[in-house]
Amino acid sequence: MQRRESGLELNLSKEKLIEMYRKMVEIRSFEEKVFELYAQNLVPGTIHLYAGEEAVAVGVCSNLRKDDYITSTHRGHGHCIAKGAQLNRIMAEILGKKTGYCEGKGGSMHIADFNIGMLGATAVVGAGIPIAMGAGLSIKLRGTDNVVACFFGDGASNQGTFHEAINMAAVWKLPVIFVCENNVYAMGTCQSRVMLIENIADRAVAYGIPGIVVDGNDVLAVYEAAQEAVERARKGEGPALIECKTYRHKGHSRIDPAKYRPKEEVEEWLHKDPMKRFKEKLLQTNVLLEDEIQQVEKEVSTEIEEAVKFAMESPYPSPKEALEDVYAPM
Ligand SMILES: Cc1ncc(C[n+]2csc(CCOP(=O)(O)OP(=O)(O)O)c2C)c(N)n1
Ligand SMILES: [Mg+2]
């Protein structure tokens, strides 16, 4: 198991850094808006917010091409945005509208867009892991140099699917980057209550693949770890397991007040907010100036307002469409 630290020595272009910052702002602002809309009773079902974990999705997806793939989880809005999904269509899906990615029939936890390689979010914990493995096998059989990034939580890493799929991907050297978003909790269950190991990346040893622990609140550290894993996978050298240590700012889902988390722990993690840290780094190193940062934030704010307007003005699907799109067309 390796441990990664980071700096700005990655030599990323200014454009790339701005793009990464913009994506993080998009995710955070999007989640704040969804939180507000939920409070107004406009969101059917529940929501699991990604705020606090932005550096993971952005650090990983910034290494991917449009024709690469990802699989996601119940906490998936951030993965979609980082992979290039349109904010208005994600928002419409969350609000159950016909213009959403799944025509309003999937909702928050089932967003997919094959055009950008987003193979789907799933409410079943750990279910995306074998799907990513299958997509990796498809890539190998087709002989292309694409890769799959597979996002899942610390809780999911205790499911059988994790072990079976990683073992198979390792044996067949499939181009999959397994990204564990270790946010310390699976619903109200702290990792230390259900695992005797500190680092989930240690499990990589059992499958003979690289296991990397990274500060999941440092977007550049995540970027660097993912870059190496993506390069290996594209060359046919097989999968890697990257564990990103992070924290969700809100409760598990919208109805969870998260009283099981000690106040000091929450404060400590809020202090390590990935957005704040990246912004400070960009300012301190003069990569971006304060007015450029503000410009990005202003543009994103307009984009979010437009997404809400689009979603609110869109129609609901009609009841007779309920059984359409259940099976893929032949
Ligand atoms: C197979 C399965 N078991 C249990 C649940 C209920 N459930 C939903 S989310 C969750 C916790 C998942 O924790 P983790 O994988 O760490 O992801 P996080 O919510 O922290 O992002 C559980 C147990 C489920 N949806 N699917
Ligand atoms: Mg978790």
Side-chain angles (χ1 to χ4, degrees), residues 23 27 30-31 34 43-50 53 56-58 60-61 64-139 142 144 146-153 155-157 159-162 164-166 168-169 174-181 233 239 253 311 317 321-330:
K23 284 276 168 235
I27 298 173
F30 188 91
E31 295 297 59
V34 171
V43 180
T46 190
I47 44 166
H48 304 79
L49 298 180
Y50 196 65
E53 305 187 24
V56 181
V58 173
V60 172
C61 291
L64 302 182
R65 304 193 307 237
K66 191 176 173 194
D67 62 345
D68 288 328
Y69 304 96
I70 63 167
T71 62
S72 174
T73 69
H74 53 285
R75 201 176 297 290
H77 312 158
H79 306 140
C80 290
I81 295 173
K83 189 65 177 64
Q86 294 167 25
L87 298 188
N88 54 2
R89 293 194 64 199
I90 312 176
M91 191 63 91
E93 189 58 42
I94 294 171
L95 265 52
K97 299 298 185 80
K98 176 134 179 79
T99 51
Y101 273 114
C102 303
E103 301 193 13
K105 292 183 279 187
S108 165
M109 285 185 272
H110 301 100
I111 299 171
D113 180 12
F114 290 179
N115 292 323
I116 55 157
M118 165 58 183
L119 299 180
T122 169
V124 182
V125 171
I129 313 176
I131 293 172
M133 189 280 292
L137 179 58
S138 153
I139 292 169
R142 284 182 286 132
T144 68
N146 294 108
V147 299
V148 192
C150 168
F151 296 98
F152 56 92
S157 78
Q159 292 282 61
T161 51
F162 167 92
E164 294 170 34
I166 295 194
M168 201 171 259
L174 303 181
V176 188
I177 296 91
F178 294 100
V179 183
C180 180
E181 305 184 308
S253 64
E321 292 167 60
L323 297 179
E324 288 173 12
D325 308 316
V326 176
Y327 299 104
M330 294 296 283

List the atom of [X], the atom of [Y], and the distance in Å for their closest heavy-atom pair.
| X | Y | result |
| --- | --- | --- |
| Cys102 | Ala112 | SG-N, 3.9 Å |
| Glu103 | Pro317 | O-CG, 3.4 Å |
| Phe178 | Pro239 | CE1-CB, 3.7 Å |
| Gly78 | Ala57 | O-CB, 3.8 Å |
| Gly128 | Cys150 | O-SG, 4.1 Å |
| Ile116 | Gly84 | CD1-C, 3.8 Å |

From [atom1] ([X]) to [atom2] ([Y]), nearest 0.5 Å:
| X | Y | atom1 | atom2 | value |
| --- | --- | --- | --- | --- |
| Leu323 | Lys105 | CG | NZ | 8.0 Å |
| Ile139 | Leu174 | CD1 | CG | 8.5 Å |
| Cys61 | Phe151 | SG | CZ | 4.0 Å |
| Ile94 | His110 | CD1 | NE2 | 12.5 Å |
| Phe30 | Leu49 | CZ | CG | 10.0 Å |

Side-chain donor or acceptor of [X] paired with backbone N/O of [Y] under 3.5 Å:
| X | Y | result |
| --- | --- | --- |
| Asp113 | Met118 | no |
| Gln159 | Val125 | yes |
| Asn146 | Asp67 | yes |
| Lys83 | Asp68 | yes |
| Glu93 | Gly106 | yes |

Minimum side-chain heavy-atom gap [X]-[Y] below 4.5 Å:
| X | Y | answer |
| --- | --- | --- |
| Met109 | Thr46 | yes |
| Met133 | Glu164 | no |
| Leu87 | Ile81 | yes |
| Arg89 | Thr99 | no |

*Check whether the side chains of His48 and Ser108 place a donor and an acceptor atom closer than 3.5 Å, and report yes or no.*
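Result is no, nothing qualifies.
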
*Residues two or more places apart in sequence or in another chain: which of them pass ring-ring contact (aromatic ring centres under 6.0 Å, His included) with Tyr101?*
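Tyr101 satisfies ring-ring contact (aromatic ring centres under 6.0 Å, His included) with no residue once adjacent residues are dropped.
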
Among [options], exactly one meets side chain to side chain contact (heavy atoms under 4.5 Å, CB included) together with [X]. Which residue is that?
| X | options | answer |
| --- | --- | --- |
| Tyr50 | Val56, Val34, Thr73 | Val56 |
| Ile70 | Leu119, Val60, Leu64 | Leu64 |
| Pro175 | Val148, Leu137, Val147 | Val147 |

*Quick one: do Glu321 and Lys98 make a salt bridge, cutoff under 4.0 Å?*
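Yes, this pair counts.
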
*Between Thr161 and Phe152, is a side-chain contact (heavy atoms from CB on, under 4.5 Å) present by the stated rule, with each step listed?*
CA-CA 11 Å; Thr161 51; Phe152 56 92; over 6 Å; no

